[in-house]
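Just follow the structure's listing: the first ligand is 1, and inside any ligand the first atom is 1.
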Amino acid sequence: MLRVAVVGSGPSGVYAAQTLVQQREVPGVRVDVLDRLPAPYGLVRYGVAPDHEKIKSLTGSLRSVLEDERIRFLGNVEVGGPALPVTRLRELYHAVVYCVGAAEDRHLGVPGEELPGVHSATAFVSWYSGHPDAADAAFDLSGVTSAVVIGAGNVAVDVTRILARGVPELTPTDMPQAALGALAASGVRAVSMVARRGPSQGKFTTKELRELGTLPGVGVRVRPAELALDPAYADPGAAAALPAVARRNLEVLRAWGAADPDPAERDITLRFYLRPVEVLAGPDGSAAAVRFERTAPDGRGGVGGTGVYEDVEARLVLRSVGYRGVPLPGLPFDPTTGTVPHAAGRVLRAGRASVGEYVAGWIKRGPTGVIGTNRPCAKETASSLLQDAGALARREPGPDPLDTMRAAGLRPVLWPGWLAIETAEADLGRSLGRRSVKIPDWAGLLGAAGS
Ligand SMILES: Cc1cc2nc3c(=O)[nH]c(=O)nc-3n(C[C@H](O)[C@H](O)[C@H](O)COP(=O)(O)OP(=O)(O)OC[C@H]3O[C@@H](n4cnc5c(N)ncnc54)[C@H](O)[C@@H]3O)c2cc1C
Ligand SMILES: NC(=O)c1ccc[n+]([C@@H]2O[C@H](COP(=O)([O-])OP(=O)(O)OC[C@H]3O[C@@H](n4cnc5c(N)ncnc54)[C@H](OP(=O)(O)O)[C@@H]3O)[C@@H](O)[C@H]2O)c1
């Protein structure tokens, strides 16, 4: 038997576990999927926007993997802490696959970034997704009329959309009741999503972009003057060389730029060629506006400053400029890339492959890629592990790691505990006249798991 620990139950962890038990070259692989949270699925539960029910329903296929009899879910188990350091975990399993994601937000590095009213999209997403680490967060949107979202990726589109959505569309989601209440009381009428580069260089995908134009009661505005392309792509022949997604995005943006919509209940304005230089405080010391410098394409895909500045009013500023991996104590970490150094998924220690230690997902590749991108990534890693199986299996398996974890003071939440959380969330929803509603705090989750 080969006993493997997969650390992290997001898509990469689940796909790694699935590959390991479903292959036929190495018989008898058993996998424990450990997660520091009592609930599985990583960012599929705590990142994918609550109004994207179709993507959320992917949990159905992740669930069927975790219910495989050769796989065991152990939630509420933090790896790298005093109760379960990396070295101890290595002793308990023949191999460990780290799939811990990239949970931290990135900063802008501009003055005023720490003012009240400025938040990371990561914090905002965690709050409306009911992540238990965000249980103390509170977004009072009642006095906010205009918001600025900095960045042009799919997360920026997500948070822009959630800010612009009406309560009738949010109520059927599993959003925690307090977040729903705060969004219901929101005074936000104008959201500007601001990109430092041009319209062909947005990182968002067309489906997500286009959806902004379908929101009830929402108008989308684009300034035609900001739709100019980098000179490298300005003539029609060169424009054809743009990646297909950029061309499709441009079509959508140009259509919005050509329309002149009447003022709507809420407006989204997409801005380009503006880079943030400072968040300005109002008389109360909170964020009141973001100062941007207009940029111009440099002909090589980048932009340069022009010395022209524009202030965009905002009582709420969300920076949505990407995620970052967090070092796990005891595991090598490259601070430049925010990833664990690896070769085909094998962790590199001092430049050499460490047999028995592997990585997959965002902590391996960096924080880009959709859920599906993690499948081939996890497969590559699993295949490296399976190639090493002969060497790994020489060690006799010790006692059940679950006993060791309990003896170390950990209180793992097993699959029935997770199912009890699901039931409690369905009950909570029913009591509120809604569908299933997330329990947003540690005590509530652990209480439900134990009931
Ligand atoms: C806000 C947001 C929205 C997104 N929406 C979509 C979308 O709509 N569609 C789409 O295709 N893609 C979406 N993505 C991308 C997708 O979520 C990622 O590609 C994917 O989740 C990455 O998978 P992962 O397994 O590497 O990391 P994660 O999903 O982050 O999973 C990591 C897991 O590791 C656990 N963990 C971390 N540290 C430890 C530790 N020390 N011990 C034990 N466990 C630990 C975490 O609790 C977590 O469960 C979104 C991403 C974000 C940030
Ligand atoms: N529905 C979905 O499929 C979905 C939803 C959410 C997330 N995701 C995926 O999850 C991954 C992460 O998404 P993400 O949006 O966090 O990251 P992302 O796609 O990397 O986008 C980050 C954005 O931030 C900008 N940026 C970075 N530093 C900046 C700075 N200092 N000032 C101003 N702008 C700055 C980038 O601009 P530059 O390009 O100029 O660097 C880019 O527009 C992506 O792969 C995404 O597709 C998918």
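Considering backbone and side-chain N/O of Y41, none are found under 3.5 Å from N/O of ligand 1. Residue V79 places at least one N or O, backbone or side chain, under 3.5 Å from an N or O of ligand 1. Between H107 and ligand 2, a contact under 3.5 Å exists for no N or O pair. The N/O atoms of A152, backbone and side chain alike, include one that comes under 3.5 Å of an N/O atom in ligand 2. Considering backbone and side-chain N/O atoms, D158 never comes within less than 3.5 Å of an N/O atom of ligand 2. Residue N374 places at least one N or O, backbone or side chain, under 3.5 Å from an N or O of ligand 1. For A49, no nitrogen or oxygen atom sits less than 3.5 Å from a nitrogen or oxygen atom of ligand 1, counting backbone and side chain alike. Ligand 2 has no nitrogen or oxygen under 3.5 angstrom from a nitrogen or oxygen of W362. Annotation: Y323 places no N or O atom under 3.5 Å from an N or O atom of ligand 1; distance criterion only.
Side-chain polar atoms of D174 and S436 form no donor-acceptor pair below 3.5 angstrom. In the model, R196 has no side-chain atom that pairs as donor or acceptor with a side-chain atom of Q201 under 3.5 Å. Side chain to side chain, E211 and H52 meet the donor-acceptor criterion of an N or O pair below 3.5 Å. A side-chain donor-acceptor contact under 3.5 Å links W442 and D133.
From the protein, the heavy atom lying nearest to atom 23 (O) of ligand 1 is P11 CD, 3.5 Å. Protein heavy atom at the shortest distance from atom 26 (O) of ligand 1 is W362 N, 2.9 Å. Of all protein heavy atoms, the one lying nearest to atom 52 (C) of ligand 1 is V155 CG2, 4.0 Å. Ranking the protein heavy atoms by distance from atom 37 (O) of ligand 2 puts R196 NE, 3.7 Å first. When hydrogens are left out, the protein atom nearest atom 44 (N) of ligand 1 is R36 N, 3.0 Å; that is the closest non-hydrogen contact. In terms of protein heavy-atom proximity, atom 16 (C) of ligand 1 is closest to I371 CG1, 4.0 Å. The protein heavy atom nearest to atom 8 (O) of ligand 1 is I55 CD1, 3.3 Å. Of the protein's non-hydrogen atoms, V155 CG2, 3.4 Å is the one closest to atom 16 (O) of ligand 2. Shortest contact from atom 15 (C) of ligand 1 to any protein heavy atom: G369 O, 3.5 Å. Nearest protein heavy-atom neighbour of atom 49 (O) of ligand 1: D35 OD2, 2.5 Å.
Annotation for ligand 2: atoms under 4.0 Å from non-hydrogen atoms of V370 are 3 (O). Counting the atoms of ligand 1 from 1 in the order shown, those under 4.0 Å from a heavy atom of G361 are 26 (O).
With distances taken over non-hydrogen atoms, the option nearest atom 28 (P) of ligand 1 out of L84, L43, V6 is L43. Distances from atom 3 (C) of ligand 1 to the heavy atoms of C377, G47, A156 put G47 nearest.
In this structure, C99 is part of the shell of residues with a heavy atom less than 4.0 angstrom from ligand 1. In this structure, R275 has no heavy atom closer than 4.0 Å to ligand 2. Distances from ligand 1 to the non-hydrogen atoms of V14 include no value under 4.0 Å.
Between R63 and E67 a salt bridge is recorded (basic side-chain N to carboxylate O distance below 4.0 Å). Between E293 and R275 there is a salt bridge, since at least one side-chain N of the basic residue sits less than 4.0 Å from a carboxylate O of the acidic one.
Taking 4.5 Å as the limit, every side-chain heavy atom of V97 sits out of range of all side-chain heavy atoms of V359.
Residues satisfying the salt bridge (charged side-chain N to carboxylate O under 4.0 Å, His left out) criterion with R406, sequence neighbours excluded, are absent altogether.
Within the structure, every pair that satisfies the ring pair (Phe, Tyr, Trp, His ring centres under 6.0 Å) test and touches residues 74-120, not counting sequence neighbours, is listed here: H119-F139.
Judged by the 6.0 Å and 45° rule, R375 forms a cation-pi pair with Y15.
For Q177, the CD atom counts as densely surrounded, since its 6.0 Å shell holds more than 12 non-hydrogen atoms of other residues, nucleotides or ligands.
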